[in-house]
Amino acid sequence: MRVSALEDNPRYDPSEVEPRIARAWIESGLTHPEPAGDSSENYSIAIPPPNVTGVLHMGHALNNAIQDTLVRRARQQGKRTRWILGTDHAGIATQTQVEKELKGLGTSREELGREQFVARVWSWRELYGSRIIEQIKRLGSSADFQNERFTLDRPYAEAVATVFVDLYKKGYVYRDRYLVNWDPGSGSAISDLEVEDREVTDTLYYINYPLASGSGSVTVATVRPETMLADVAIAVNPQDERYKRLIGETAVLPIVGRKLKIIADDYVKTDFGTGALKITPGHDPNDFEIGNRHGLAHPTVIGEDGCMEGDEVPERFFGLTTAQAQTAIVAELDALGLIERREEYTHTVPHSQRSGSRIEPLISLQWFMRMDELARPAIEVVKRGEIRFHPEGQGKVYLNWMENIRPWCISRQLWWGHQLPVWYRRDETYVGTTAPDGDGWERDPDVLDTWFSSALWPFATLGWPEQTADLKAFYPTDALVTSRDIIFLWVARMVMMGIEFTGQIPFSDVYVHSIIQAPDGRRMSKSLGTGIDPLDLIGGGPRPPVFAKAPDQDPGEFPAYGADAVRWGLLAMSSGQDVRFNEEKVLQAQQLTNKLWNASRLILLRVDPETRASAQPVRVEDRWILSRLQYAATLISDAIGQFEFSRAALSLYEFIFSELCDWYLELVKPRLYEDDKQTQALLLHVLTETVTLGHPLIPFVTEEIYGHIPGASGLLAERVAPRQIAQLDEAAIIQIDDLIAAVQSVRAWRDAAEVKPSAVLDARVVSDVYAGTADQLYRLGRLNPKELNGTGAGASIPVPGGSIEIFATRGLDLGAAARKKAAKRAELEAEIKRAEGKLSNSGFVDQAPPAVVEAERAKLAALRAELEAL
RNA sequence: GGGCGGUUAGCUCAGUUGGUAGAGCGCCUGCUUUACACGCAGGAUGUCGGGGGUUCGAGCCCCUCACCGCCCACCA
């Protein structure tokens with residue numbers, strides 16, 4: 001039955017194999033180790049929790065491929081390995097989605113009320129929350145699916161509350177009126193990190209503010225005249241000759257009539273605008289700072305709904321939107337003749353990353369977290385190298401941000417999330433993990449920034465604050481795998497919280513992987529038509545428009561590449577650098593899996609099912625392939641350990657194609673066909689170690705092949721790799737390398753001489769380095785060994801350590817062969833000349849390391865010998 | 001304005017202690033050699049962004065210029 005699957009499929013078909021094997025991995029329980037021992041002997045990774053409502057994208061696919069490669073390697077090293085899995089409640093993103101749905105149903109969260117709304121989000125989560133988890137399974141990720149976490153689960157929520165209360169008691173968390181980034185789109189304050197700049201063209205108005213003395217006016221430039229109602233001063237640079245005499249004087253705010261002091265502040269640029277700046281502390285972050293420096297009040301005229309309100313707002317503007325107010329105020333200023341001029345002005349303006357709305361800086365009562373003291377130890381651990389970033393440059397980025405850290409606004413005016421463990425009663429404030437005793441307490445309606453809870457992920461998922469066995473066994477975790485965009489939002493905060501609450505760093509290595517761009521270099525995005533769904537790549541689906549060669553051309557469909565191919569392809573593409581997605585790498589991976597599948601067919605369909613693997617080599621090529629296997633195993637394992645996944649992936653490809661298939665299997669075929677039992681046993685051994693070697697990088701196909709190997713037990717995913725496959729056998733390596741070079745020389749010569757590929761030529765090997773491999777040399781060169789007396793040779797092919805003389809001359813194009821030979825001679829002569837030049841350079845001989853000089857001498861000798869043989 | 005990174009074959013990218021430039025795809029020439037045509041064999045292809053320096057020797061180290069990304073902070 002199983003053998004027939006091999007027989008029937010000369011092409012490897014991942015679509016049948018992969019779902020079956022993914023299930024087997026999970027059902028085996030191998031991804032769900034019971035806690036034991038401590039974290040120094042175990043291996044763990046906490047997944048960056050995807051948004052609960054999210055769908056898999058290319059970033060997840062790469063992120064998962066990397067983590068799975070790391071955990072599979074750790075398992076092969078015999079470590080107890082836990083890949084912590086879960087999802088994030090993603091406050092704003094999730095609430096927005098559900099609200100959108102409600103809107104479609106003609107209702108709203110306000111209509112439902114908080115309790116019902118939250119219940120509705122929970123059921124939404126039940127419906128869609130498992131989708132991304134299923135997609136992660138499809139990738140073959142060997143995460144702990146039996147132990148899924150969610151950032152709003154009760155134990156997790158208790159950890160969050162515990163942390164908040166503790167930080168409050170330590171004085172890090174506090175409530176304050178402060179200018180925040182107000183997002184009118186979500187109706188909430190957001191943190192600095194959730195703000196992005198977008199380019200906008202506004203009108204810059206130059207407005208004259210009359211001086212109280214009646215002698216002239218000061219002109220200020222602004223793009224937001226509606227905020228002038230909240231102006232409290234005019235600032236100029238103290239060095240500015242134009243305005244020096246006005247400092248200390250008073251101007252009159254048009255329309256309102258309020259007196260504005262003219263103050264001096266270094267912040268004001270003399271070469272921008274008019275050099276005079278209206279100060280509106282209630283609606284501008286810089287003005288807020290300046291206002292604080294000068295002890296100014298900060299009245300506000302815009303409310304949280306984006307409409308005009310407040311004591312300073314004249315009746316006729318009250319309730320207008322900011323846009324309406326701007327129009328009205330500009331009209332009045334025009335009527336007063338106070339607008340000197342206006343010009344188009346393109347500048348960047350902060351917008352909410354989530355809702356896309358233009359940020360309205362507002363003074364508002366929010367909860368904040370002071371970060372500077374928490375940052376200090378988090379800076380130290382990176383400087384001391386306890387936490388290492390890969391690539392290193394990202395560590396500098398982290399430090400740069402940490403050293404300039406600012407307070408973090410942690411309250412959000414949402415319903416979906418961790419509600420603040422804070423209660424108020426008149427002037428009293430109570431902060432605690434449970435509600436206070438007594439009547440009249442009202443809980444703060446706000447929830448915490450999602451990243452506040454994510455910051456606890458590596459330890460809250462393991463049961464903290466309880467001292468659980470999980471925590472002991474798997475915390476600190478080992479590696480944290482992520483992309484650049486959340487180094488500040490998430491990574492930095494995990495380090496700070498981890499150190500503060502567990503006394504330990506949460507992970508020792510941070511691997512920052514590539515961002516995969518669209519093939520044209522733009523970012524991947526559904527709305528741009530540049531996004532590629534990894535599942536379309538795996539199972540075969542439509543190519544996005546970005547793949548079309550011409551605008552109206554149909555880009556067609558992806559073949560069903562399978563998860564192995566997508567994973568290997570992404571790993572091979574990726575580095576520390578952002579890269580453009582290229583389908584060729586996925587194709588290359590598909591060819592790799594197919595190649596390995598067919599190599600396995602060659603072996604498995606020929607061996608006696610009673611045969612069992614044996615590491616006993618028979619011939620020199622056996623010792624060679626064992627050495628090559630050992631070499632490749634070390635290379636790949638080291639590369640993975642150093643987070644060089646591209647190198648690991650390409651090394652595997654190189655081994656399977658160039659060494660195993662192109663040479664070893666071709667060398668061993670005669671013995672395989674002759675039903676040689678010892679050879680069969682060795683081939684099973686080589687195949688077993690090869691699939692073990694490849695398993696972290698292409699887990700599905702290797703697992704499938706392993707299942708067909710006679711005598712193989714259990715799952716490959718559970719197999720501990722041998723510490724050493726073989727001793728490196730230098731003699732065997734040299735012999736086979738010489739053989740390969742000789743065969744290649746013969747083939748190249750045949751090609752040049754236009755010898756029919758099927759023709760077998762009489763020939764004689766003149767060299768003593770092929771004692772153990774001559775039969776192979778004749779066979780692979782399509783030569784017939786013949787000892788002839790005298791000088792009957794029609795051609796002499798130079799090979800390492802000697803030459804091969806070809807006797808048959810009939811039908812040979814000796815002219816072509818001679819040209820080939822001449823070219824080779826010229827090439828050799830050029831290289832000899834270069835080597836000689838180098839060696840006659842006294843600087844080189846005297847100053848280069850002796851080993852390098854010696855190597856150069858040896859090379860020269862070899863080149864001369866080769867030329868001689870020619 | 002500050003920071004990080006990039007510029008290598010037609011395309012996408014490797015190149016880890018400085019020692020004669022690599023891969024995949026594409027291209028050219030052959031081959032139905034019973035594991036694989038998602039294959040096999042052979043082949044062509046690079047003033048390693050420009051300039052300067054260090055060195056016996058530089059794609060790799062230093063300086064400088066140019067261009068391209070991204071991040072942070074921003075001028076009303």
Side-chain angles (χ1 to χ4, degrees), chain A residues 6 10-12 192-193 197 204-205 220-224 235 267-269 271-280 284-287 345 347-348 350 391 393-397 399-401 404 484-485 487-488 515 517 519 521 523 559 561 565 569 572-585 587-606 642 644 646-647 650 653-654 661-662 665-666 669 672-673 743-744 747-752 754 756-758 782 830-831 834-835 838 841-849 851-853 855-856 859:
Chain A
L6 283 169
R11 277 188 185 187
Y12 173 63
D192 294 341
L193 292 173
D197 285 331
L204 186 60
Y205 297 92
V220 300
T222 180
V223 293
R224 301 207 58 196
Y267 170 82
V268 184
K269 305 276 178 296
D271 57 356
F272 191 86
T274 62
L277 180 61
K278 74 186 198 64
I279 301 300
T280 321
D284 182 279
N286 294 310
D287 293 5
Y345 181 57
H347 60 152
T348 56
Q394 296 302 329
K396 290 183 198 162
V397 176
L399 288 174
N400 199 310
W401 184 76
N404 298 297
R484 253 192 346 249
D485 45 349
I487 289 180
F488 308 142
I515 290 171
Q517 299 167 332
R523 72 188 178 86
Y561 285 115
M573 268 178 243
S574 85
S575 63
Q577 191 61 26
D578 290 353
V579 287
R580 298 181 181 200
F581 178 84
N582 66 319
E583 196 177 340
E584 285 76 24
K585 275 282 180 289
L587 182 72
Q588 189 182 351
Q590 187 193 32
Q591 287 162 352
L592 174 65
T593 56
N594 191 58
K595 190 73 174 176
L596 185 57
W597 174 250
N598 275 290
S600 307
R601 291 179 67 229
L602 171 67
I603 296 166
L604 296 173
L605 293 175
R606 297 262 174 191
Q642 290 160 35
E644 293 176 23
S646 167
R647 192 158 68 90
L650 293 168
Y653 182 95
E654 171 79 12
C661 293
D662 287 353
L665 293 181
E666 293 305 324
K669 263 179 185 174
L672 186 61
Y673 292 159
V743 171
Q744 285 173 331
R747 284 173 177 166
W749 177 86
R750 289 177 64 115
D751 202 59
E754 293 178 3
K756 275 207 177 96
S758 55
R782 292 210 166 225
E831 287 195 25
R834 193 178 330 182
K838 227 172 171 178
N841 179 337
S842 63
F844 176 72
V845 178
D846 296 344
Q847 298 190 45
V852 172
V853 178
E856 195 65 29
K859 191 197 294 172

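Convention: sequence-line order gives letters A, B, ...; per-chain numbering from 1. Reckoned from all heavy atoms, side chains included, excluding hydrogens, waters and symmetry mates.
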By nearest-nucleotide position on RNA chain B, the 5'-leaning member of P519(A) and Q744(A) is P519(A)

Counter-base of rA73(B), judged by Watson-Crick or G-U geometry with both distances under 3.5 Å: none

Interatomic distance at C1', rA37(B) relative to rU33(B), whole Å: 13 Å

Which is true for V845(A) with a 4.0 Å heavy-atom rule: it touches a base, it touches only sugar-phosphate, or it touches nothing? nothing

Working for side chain to side chain contact (heavy atoms under 4.5 Å, CB included), residues L277(A) and D287(A): CA-CA 9 Å; L277(A) 180 61; D287(A) 293 5; 4.3 Å; yes

Could you say whether T593(A) or R747(A) is positioned toward the 5' end of RNA chain B, judged by the nucleotide with the nearest heavy atom to each? T593(A)

Which atom pair, heavy atoms only, marks the closest approach of V223(A) to H347(A)? CG2-CE1, 3.9 Å

When all nucleic acid strands are considered with a 4.0 Å heavy-atom cut-off, which category describes V223(A): base, sugar-phosphate, or nothing? sugar-phosphate

Correct closest heavy-atom pair for R580(A) and M573(A) would be O-SD, 4.2 Å

Taking all non-hydrogen atoms of both residues, which atom of K585(A) and which atom of A572(A) are closest, and how far apart? CD-CB, 3.6 Å

Categorize S646(A) for me: base, sugar-phosphate, or nothing, with a 4.0 angstrom heavy-atom threshold over every strand shown. nothing

Identified pairing partner of rA66(B), criterion: Watson-Crick or G-U wobble below 3.5 Å: rU7(B)

From CH2 of W401(A) across to P of rC71(B) the rounded distance in Å is 16 Å

Closest non-hydrogen atoms of K669(A) and L602(A), given as atom of the first, atom of the second and distance, are CE-CD2, 4.1 Å

What nucleic acid atoms does F581(A) come within less than 4.0 Å of, heavy atoms only: base, sugar-phosphate, or nothing? nothing

Just the rounded figure in Å: distance from P of rC40(B) to CZ of R750(A). 19 Å

Return the orientation label for the W597(A) and Y12(A) ring planes: parallel under 30°, perpendicular over 60°, tilted otherwise. tilted

Using atom C1' of each nucleotide, how far apart are rA23(B) and rU45(B) to the nearest Å? 14 Å

Could you state the CD-C1' distance from Q590(A) to rA37(B), rounded to the nearest angstrom? 13 Å

May I ask you to test the Q591(A)-L587(A) pair for a side-chain heavy-atom distance under 4.5 Å? yes

Answer for the Watson-Crick or wobble partner of rA14(B), both distances under 3.5 Å, is none

How does protein contact run along nucleotides 15-27 of chain B, one letter per nucleotide 5' to 3', with B for base contact, S for sugar-phosphate only, - for none, heavy atoms under 4.0 Å? -B--BB---SS--

Return the value, rounded to whole Å, for the distance between atom CD of E583(A) and atom P of rU12(B). 15 Å

Nearest-angstrom distance from the residue atom CG of D485(A) to P of rG69(B): 19 Å

Counting only side-chain heavy atoms from C-beta out, which of rA76(B), rC71(B), rG42(B) sits nearest to F488(A)? rC71(B)

CG of D192(A) versus C1' of rC72(B): gap in Å, rounded? 11 Å

Protein and nucleotides 28-36 of chain B: nitrogen or oxygen contacts under 3.5 angstrom:
{"residue": "rA35(B)", "atom": "OP1", "partner": "Y673(A)", "partner atom": "OH", "Å": "2.9"}
{"residue": "rA35(B)", "atom": "OP2", "partner": "R606(A)", "partner atom": "NH2", "Å": "3.0"}
{"residue": "rA35(B)", "atom": "OP2", "partner": "Y673(A)", "partner atom": "OH", "Å": "3.3"}
{"residue": "rA35(B)", "atom": "O2'", "partner": "N598(A)", "partner atom": "OD1", "Å": "2.5"}
{"residue": "rA35(B)", "atom": "O2'", "partner": "R601(A)", "partner atom": "NH1", "Å": "2.8"}
{"residue": "rA35(B)", "atom": "N7", "partner": "K669(A)", "partner atom": "NZ", "Å": "3.2"}
{"residue": "rA35(B)", "atom": "N6", "partner": "E666(A)", "partner atom": "OE2", "Å": "3.1"}
{"residue": "rA35(B)", "atom": "N3", "partner": "N598(A)", "partner atom": "O", "Å": "3.1"}
{"residue": "rA35(B)", "atom": "N3", "partner": "A599(A)", "partner atom": "N", "Å": "3.3"}
{"residue": "rC36(B)", "atom": "O4'", "partner": "N598(A)", "partner atom": "OD1", "Å": "2.9"}
{"residue": "rC36(B)", "atom": "O4'", "partner": "N598(A)", "partner atom": "ND2", "Å": "3.3"}
{"residue": "rC36(B)", "atom": "O2'", "partner": "N594(A)", "partner atom": "ND2", "Å": "3.1"}
{"residue": "rC36(B)", "atom": "O2", "partner": "K595(A)", "partner atom": "NZ", "Å": "3.1"}
{"residue": "rC36(B)", "atom": "N3", "partner": "K595(A)", "partner atom": "NZ", "Å": "2.9"}

Name the pairing partner of rU32(B), where a pair is Watson-Crick or G-U wobble with both distances under 3.5 Å, or state none. none

Measuring only the C1' atom in each nucleotide, how far is rC60(B) from rC48(B)? A whole number of Å is fine. 10 Å

Taking the P atom of each, how far is rC25(B) from rC38(B), in whole Å? 12 Å

Nearest-angstrom distance, P atom, rC62(B) to rU7(B): 15 Å

So which nucleotide does rA21(B) pair with, by the Watson-Crick or G-U wobble rule with both distances under 3.5 Å? none

Would a 4.5 Å heavy-atom cut-off, applied to side chains only, mark N582(A) and Q588(A) as touching? no

Please give the distance between the C1' atoms of rA44(B) and rA21(B) as a whole number of Å. 16 Å

Go ahead and name the base partner of rG57(B); Watson-Crick or wobble counts if both distances stay under 3.5 Å, otherwise write none. none

Report the distance from atom CD of E754(A) to atom C1' of rA41(B), rounded to the nearest whole Å. 15 Å

Gap in Å between the two C1' atoms, one belonging to rC11(B) and one to rG26(B), rounded: 8 Å

When rounded to the nearest Å, what value does the distance between C1' atoms of rG15(B) and rA58(B) take? 14 Å

Send over the distance from N400(A) CG to rG1(B) P, rounded to a whole Å. 17 Å

Do Y561(A) and E583(A) pair up side chain to side chain, a donor and an acceptor below 3.5 Å, judged on atom types alone? yes

Hey, mind stepping through I279(A) and Y267(A) against side chain to side chain contact (heavy atoms under 4.5 Å, CB included) and telling me if it holds? CA-CA 11 Å; I279(A) 301 300; Y267(A) 170 82; over 6 Å; no

Please give me the minimum heavy-atom distance between G275(A) and V268(A), naming the atom from each residue. O-CG1, 3.4 Å

